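Before any comments, here is the structure.
The sequence lines fix the lettering, A, B, ..., with proteins before strands; numbering per chain opens at 1. Owing to the predicted nature of the structure, the values given are computational and were not obtained by experimental measurement.
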Amino acid sequence: MPANSLEQVRNLCMRRGFVFPGSAVYGGVASFWDYGPLGVELLNNIKKAWWQDTIYTRNDMEGLDAAVLMSRKVWQHSGHEATFSDPLVDNKKNGKRYRLDHLLSQQTEEVLRGLLRRLVQLLKMPPELFETITRERIVSDISSLLTSSTLEAQIATKVGIPGARLDQPLSTTFSANDRAELIRALARAVDELPTKAEKLALVLGLQDQIGWQPVDQEPSLRIAGILSVRVAKYLLAAAKVVDPSDGSVGEWTDPRSFNLMFKSHVGPVEAAVGTEEEAHARVYLRPETAQGIFMNFAHVQRAMARKVPFGVAQIGKAFRNEITPGNFIFRTREFEQMEIEFFIKPPQFVKEGEKNDQQWHEEWVEQRFKWWLRYATSPSATLEERDATASRFRARAQTPDELAHYAKATTDIEYLFPGSLGWGEIEGVANRTDFDLSAHSKEVPEEDLKRLKLEANHDSTEKLDYFDPDAKARYIPWVIEPSAGATRAMLTFLCEAYHDEVVTEPTKQQIDQIKSDAAMIRKNAEKKIKEAQKELAAGREAKHDPAKVEAFLKLLDETVARLPESLTEVLTALDHEGAQNLEPVKKFRPPTEKLVEDCTRTVLRLHPALAPVKLAVFPLKKNKPELVELAQAIKERFQRHFRVVYDDSAGIGRLYRRQDEIGTPFCITVDFESLEDGTVTVRERDSMEQERVKIDDLPGYLSERLQLS
RNA sequence: GCGGGUGUAGCUCAGUGGUAGAGCAUCACGUUGCCAACGUGAUGGUCGUGGGUUCGAGUCCCAUCACCCGCUCCA
């Protein structure tokens, strides 16, 4: 059985140095994780496997590593700036979608006023706030804040609303100097207020008090900017915001904020967002690596003299300011992608017997699916285990309304993660047609622009087309994009490899002890259930929920009946919510936990190519210098080729278990016999079987079994 | 975003307003012949952070941060 909860995997990762919370010293920052000594090995191995399998073993692929920061124009023409940067709302009634500010600008004055009033009420803004906070107070309150970047960065993060766009420049009635001071003081004042509502209220109040106004005086813009993305849904409903297309009150969704791109600046810019200077210097951290490949399509094609079809692969970091990150490293704001852009003939040039875009798409889905299964499986897996692994992967075609703006079709490869996460996307194979290359090209024919719903690109200096000597025609190629998450791959392989195994049968006496303890728990719990029922019947609050306790007892009976093989499940049963506040359970837990620990091992049955450590070498006794010396010599013999560790800090059994937990495929023990006949014990991870192998034969023995290419 | 929960030693956790604890881990010494051995000793804490109540707060109150679960949303 692989991991049955993400929590198990999380624990192992933090305890054994795979993943640590980011910025932990300062309390942590949501959604950022650091990869520890073993995590970086695993991640590197995943990337290496992918790189070798997608580039080295094919004849039609090249590699690339493009810059993270690219011209802002890339994101303007790719469509990301428009669709990633403004809150959008849907009307559930008719499926129409609007930019929030556009929608509001079409409302009547009455509706807008109602919105503002409700916002004020919702935030419980104390009216005094507007009276006490004056310009003098603010300006005089300047001191320790460091130089600020932009209002948005300062205020929006402090107020704590991701959707807030309080980024318009201050009224021009202030001098540049005054403005900078004001920003600092404002940020400071916001800092001092105890609640989020008051912070927001302050910002709102200041707009009126000190003439801090958006450049654009449209009230709709201001409100749209101020609305928290999360409260907007209720406000829109309460204020009866109307759908301009039919004039009826809409059934609005939460606005989905697509401002997923992190902003930064090139050069020493400290200008406020919205100014020309800022706009000029602005860059985004890439939200996908794909555009770097499109930028270099023509370079790679010419430099490597490639003919379509061919592909370009890239591994790199991407950044998205996700609104709801979570599930450990599944959805993070900084992540790593492994992307292929595979360039093919447009449909009209495909000849008889050649693959069209649909067939290429299918082939890539199949290829990638095989890749996932290959590395999700340990070579020692039985047929049944392989089937079980395969059943946790699936390819699922996206429905039309799920498709991204650039895709004709996308097939997601998903993995069934443990616990509440469930099926999760680990790779998307998209048919992006000629959308991207056309979007970045000048002089694209009118009909193609129309087909792709693109505007003519007057910024581009190039046409990203290709002369096909075979078709004797010039065209902009189509693209199939298999795009996988490297960090999600790590989570996938960890979940699939995780196993808790019972390796030592508990004695009959120990099992009887558990059974009698369970009987005691039942006796006590039944009493509690009766008490609770009495309380509830009398209309009072009960300490226990009878139904939950009942469910717990049923689970406990069921697992205890299946001992000893259900040993680990008994422990899980004790964590059932119905077991809370039951005294005997508290007493019962520690000895059971101890027994489970003594009788089980945690093992990561990782594919050897992915294992962070390939080999561990131990001396049987650490106080015999000859053994230590030989063991270290063996370690040194392999350390140039792969990660190998030497350890003598515990008894031999414990050393084995430690390596099991991190998925080390082989352990070597050097004993006294080794000194005489030059053989060592090689112990295999999954079977725990041992074999005597000559030290001189180790290279061949290991390279065959580690499957390193 | 809403609701619920958690946060005490590196890890797992106990601690009912009155001197901060246990097991494991770590380190030292001794012992130890292949699957989580043992003995002795030692190290390790501003109890997530900031305020408040109190003679006194890990414990009560407020705020805040992080993580987990459920709902909502999203890819």
Side-chain angles (χ1 to χ4, degrees), chain A residues 5-7 10-12 14-17 20-33 88 90 158 160-163 191 193-199 228-234 253-258 260 287-288 320 322-328 330-331 398 402-404 407 410 412 414 419-421 424-426 428 430 483 485 488 503-504 577 580 586-587 589-591 593-594 596-603 618-624 627 649-661 667-673 680-683 685 688-690 692:
Chain A
S5 77
L6 259 191
E7 202 48 36
R10 238 178 84 88
N11 269 340
L12 179 70
M14 304 229 219
R15 211 175 56 239
R16 296 307 308 272
F20 305 119
S23 313
V25 167
Y26 293 104
V29 184
S31 179
F32 293 95
W33 301 88
L88 304 175
D90 290 323
K158 288 202 168 73
I161 24 174
D191 250 352
L193 292 173
T195 68
K196 194 183 279 188
E198 283 172 305
K199 288 176 184 180
S228 153
V229 166
R230 293 298 173 175
V231 298
K233 179 179 167 182
Y234 308 104
T253 63
D254 263 340
R256 292 172 300 140
S257 174
F258 273 101
L260 294 181
E288 62 170 27
R320 290 182 196 175
E322 297 280 358
I323 295 158
T324 51
N327 284 315
F328 193 34
F330 182 77
R331 178 174 285 117
Q398 281 191 4
E402 287 178 283
L403 288 176
T410 299
D412 284 342
E414 300 182 327
S420 61
L421 183 44
E425 178 191 340
I426 50 178
S483 167
R488 282 187 182 182
V503 286
T504 321
E577 56 178 343
Q580 279 165 11
K586 279 190 188 168
K587 242 175 25 195
R589 207 176 186 290
E593 197 171 349
K594 177 90 172 66
V596 169
E597 264 180 40
D598 288 349
C599 295
T600 60
R601 67 164 183 163
T602 298
V603 54
F618 317 132
L620 189 57
K621 286 170 69 110
K622 69 170 166 183
N623 56 358
K624 292 284 180 273
L627 295 184
S649 63
I652 200 78
R654 183 185 297 275
L655 294 179
Y656 284 148
R657 296 287 169 92
R658 268 187 206 162
Q659 296 302 321
D660 287 343
E661 212 179 14
C667 295
I668 288 177
T669 302
V670 175
D671 57 20
F672 294 103
E673 222 177 309
V680 289
T681 304
V682 180
R683 182 262 198 185
R685 178 191 69 201
M688 298 196 287
E689 271 164 15
Q690 306 191 2
R692 287 306 286 192

Pairs: protein N or O with nucleotides 28-30 of chain B N or O, under 3.5 Å:
none

Among residues at least two apart in sequence or on other chains, which ones pass side chain to side chain contact (heavy atoms under 4.5 Å, CB included) with A:R692?
A:D671, A:E673, A:S674, A:D677, A:T679, A:T681
By salt bridge (Lys or Arg N to Asp or Glu O under 4.0 Å), A:R685 pairs with (sequence neighbours left out) none
Is it the case that B:C34 (base atoms only) and A:Q690 (side chain only) share a donor and an acceptor within less than 3.5 Å, ignoring hydrogens and angles?
yes
Test salt bridge (Lys or Arg N to Asp or Glu O under 4.0 Å) applied to A:R654 - qualifying residues, sequence neighbours left out:
none
Set of residues satisfying side chain to side chain donor-acceptor pair (under 3.5 Å) with respect to A:S649, sequence neighbours excluded
A:D647, A:R658
Using a heavy-atom cut-off of under 4.0 Å over every strand shown, decide if A:R16 touches base, sugar-phosphate, or nothing.
nothing
Who passes salt bridge (Lys or Arg N to Asp or Glu O under 4.0 Å) against A:R16, sequence neighbours left out?
A:E661
Listed by chain and number, what are the side chain to side chain contact (heavy atoms under 4.5 Å, CB included) partners of A:K622, not counting sequence neighbours?
A:D648
With sequence neighbours excluded, residues passing side chain to side chain donor-acceptor pair (under 3.5 Å) with A:T669
A:Y656
Just the table, please: protein N/O against nucleotides 48-50 of chain B N/O, every pair under 3.5 Å.
none

Return the set of residues passing side chain to side chain contact (heavy atoms under 4.5 Å, CB included) with A:E425 (not counting sequence neighbours), or none when no residue passes.
A:D412, A:R488
Partner set under salt bridge (Lys or Arg N to Asp or Glu O under 4.0 Å) for A:E7, not counting sequence neighbours
A:R10
What string of B, S and - do you get for nucleotides 38-45 of chain B, 5' to 3', when a contact is any protein heavy atom under 4.0 Å?
--------
